[in-house]
Visitor: 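Sharing a structure, written as structure tokens. Questions coming.
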Amino acid sequence: MKRLLITAVAFVSIQFSAFSQDMTALVNKVKAKLDQVNDYVAEGSMKTDVAFIKAPVGRVKVYFKKPNHFKLKRDGGISILPKGGVTVNMSTLVAGNDFVALSSGDAVINGIKAKVVKLIPTTDNSDVVLSTLYIDETNLLILKAATTTKENGSFEIEMSYGKFISYSLPDKVIFSFNTKDYKMPKGVALEFEDEEKLTDAEKIKRKKGRVQINYSNYTINKGLDDNVFK
Amino acid sequence: MYKLLQIELYKIFRRPRTYISFLAITALVGVIQLGLVKNGDDYVNFVMGNVMQSFSFDGKLLNGYLVCYILLQLLLVHVPLLIALVAADMISGEANMGTLRLMLTKPISRTQFLLAKFTASAIYTFMLLVWIAFLALFVSMFLFGVDDMVIQKTNYLVQLPVGDVFWRYVGAFGFALLSMLSVAALGFFLSNFAENSIGPIVATMSVIIFFTILSTMSIPLFQKIQPFLFTTYMVNWKEFFDPKVNADNAVIIGSLQHPDRIIQSALILIFHIVGFVGATMVLFKKKDILS
């Protein structure tokens, strides 16, 4: 009986390990596709949708250079971005080999069948605690990523692909995150009118935020100066 | 009438007291601008600390537009006191010097006389606001440059694109003119009741301070009377900096969240100006100027 139990545990462990390796292989394939891009400059429009922020839609320029340089600049004007998250992109999520990739089943994202892969970093110094990737196995694309970090909370990134699908570069990125409650002391705002009472639904809505970037054009692998990221 | 106005303007600008306001504004704005040039980033970090915990800002937050907004928030509460210095002296000053009777021996009606006096104090008020606009807006734009304007309201944060700000300041200063004219009208009205300038000046200042305190305190008892105090409406120039958003929560360029509030407040202030000046005329016509 004891021998049978040990055999069963060993069998499950081998199966589990094999399965985990399979996902690493998939992630590595996705990574290899992403690795075609050494650098890019993308142009697009950015919309910040946070209940307590009234901001206009603005033109943005996004700069990326391997391994993990990323910069988002508003074309004229001030950009308001949630701390930490927006600068995370797919290349940085799967950068290096310091992770364990585990399968977590299948899901459908925007009508596309996707493999759900949990990425667990194996190094202690990583800010990311856990990432869940939804990978389109056929096209080797990350459709969605949910990430939990030590310092910057949890966020989700959802991507739609179009013209630049062959480089795994999305046309649209929606970045969702949690926000802290916003309240400005009246004395500091120097506003003394009555506050508008918020309903419970509005209070919940105020705790969620979204940043949507629609990319109109990418300039890929033309070389990029490091000074851009300073 | 034009001649009368010229005389009144000459009298206003001949008095050293008139220039106290311009000097005080220059000193105040200058000191605040100097402070912001030296430690502006610290100030912004302090004020925006709550939002900066969750969001990062890339761009020139402390720019001329924001500095002007900070200055107006501080100044427009105190400028009424400077306006009272001149407006509340218009009739009582003449009475004090004994020139009221002399003036009215001229072939002009008392209405013309009062209209010239009030128009002169309105021109003084306008010039003071133009001076504030020059120092607070244009000098700040020169010193700090321009960028999007990010301001904090009690419940939310507003970002206005750089190209959508200037017209809002034009509107805000236009509204501020109405607010200050209502103060001038109050001072003018009180000026009718005294034989010396100190009384109406102090009375105007007291009324403004008293009403402003009642207007700003969120105590239920005071909130009931706030709609009846004209000082409640004087701060609504800020509505020009609150844009409307579309269904996607994006700012609609060139829009106002509450244009109705601006119109209503402007009408109430105009009502007060007409009311105070009208009442002054009615009372002045019956005034005994022989004593």
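For clarity, every value in this text was computed on a predicted model and none was experimentally measured. A, B, ... follow the sequence lines: proteins, then strands. Residue 1 opens every chain.
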Visitor: Take atom NZ of A:Lys222 as the centre, draw a 6.0 Å sphere, and report whether it contains more than 12 heavy atoms from other residues, nucleotides or ligands.
Guide: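 Counting neighbours around NZ of A:Lys222, 12 or fewer heavy atoms of other residues, nucleotides or ligands fall under 6.0 Å, so no.
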Visitor: Would you say CZ of B:Phe57 has more than 12 non-hydrogen atoms from neighbouring residues, nucleotides or ligands within 6.0 angstrom?
Guide: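 Yes, CZ of B:Phe57 has more than 12 neighbouring heavy atoms, counting only those of other groups under 6.0 Å.
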Visitor: Could you check if a side-chain atom of A:Arg74 sits within less than 4.5 angstrom of a side-chain atom of B:Asp148, using non-hydrogen atoms only?
Guide: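 Answer yes - side chains close enough.
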Visitor: Do the non-hydrogen side-chain atoms of A:Ile78 and B:Lys60 ever get within less than 4.5 Å of each other?
Guide: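 Sidechains of B:Lys60 and A:Ile78: no contact.
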Visitor: For A:Thr122, check side chain to side chain contact (heavy atoms under 4.5 Å, CB included) against everything at least two apart and list the hits.
Guide: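 Applying side chain to side chain contact (heavy atoms under 4.5 Å, CB included) to A:Thr122 gives A:Asp98, A:Val100.
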Visitor: Any side-chain heavy atom of B:Leu157 sitting closer than 4.5 Å to one from A:Ile80?
Guide: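 When only atoms from C-beta onward are counted, A:Ile80 and B:Leu157 do touch, with a gap below 4.5 Å.
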Visitor: Under a 4.5 Å heavy-atom cut-off, does chain A meet the side chain of B:Val158, its backbone, both or neither?
Guide: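 When you check distances to chain A, atoms from both the backbone and side chain of B:Val158 fall under 4.5 Å.
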Visitor: With chain A as the partner chain, list the residues of residues 247-256 of chain B whose heavy atoms fall under 4.5 Å from it, by residue number, and write 'none' if nothing qualifies.
Guide: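 Answer by number: B:Asp248, B:Asn249, B:Ala250, B:Val251, B:Ile253.
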Visitor: Heavy atoms, side chains only, cut-off 4.5 Å: are A:Ile53 and B:Phe55 in contact?
Guide: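 Side-chain contact under 4.5 Å: yes.
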Visitor: With no hydrogens and no angle check, is any side-chain donor or acceptor of A:Lys54 less than 3.5 Å from a backbone partner on B:Tyr156?
Guide: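 No, because the side chain of A:Lys54 does not come within donor-acceptor range (under 3.5 Å) of the backbone of B:Tyr156.
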Visitor: What do you reckon, is NZ of A:Lys113 surrounded by more than 12 foreign heavy atoms closer than 6.0 Å?
Guide: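 Result for NZ/A:Lys113: open.
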Visitor: For atom CZ of B:Phe126, is the number of surrounding heavy atoms from other residues, nucleotides or ligands below 6.0 Å larger than 12?
Guide: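 Counting other residues, nucleotides and ligands, CZ of B:Phe126 stays at 12 neighbours or fewer.
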Visitor: What pairs with B:Ser140 under side chain to side chain contact (heavy atoms under 4.5 Å, CB included), at least two apart in sequence or on another chain?
Guide: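 Scan of B:Ser140 (side chain to side chain contact (heavy atoms under 4.5 Å, CB included), adjacent residues dropped) gives B:Gln33, B:Val67, B:Leu71, B:Phe144.
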Visitor: Checking A:Asp226 now: which residues fulfil salt bridge (Lys or Arg N to Asp or Glu O under 4.0 Å) with it, not counting sequence neighbours?
Guide: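 A:Asp226 satisfies salt bridge (Lys or Arg N to Asp or Glu O under 4.0 Å) with A:Lys65 once adjacent residues are dropped.
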Visitor: I need the minimum non-hydrogen distance between A:Ala55 and B:Gln159, along with the two atoms involved.
Guide: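 Between these two residues, the closest heavy atoms are CB-OE1, 3.4 Å.
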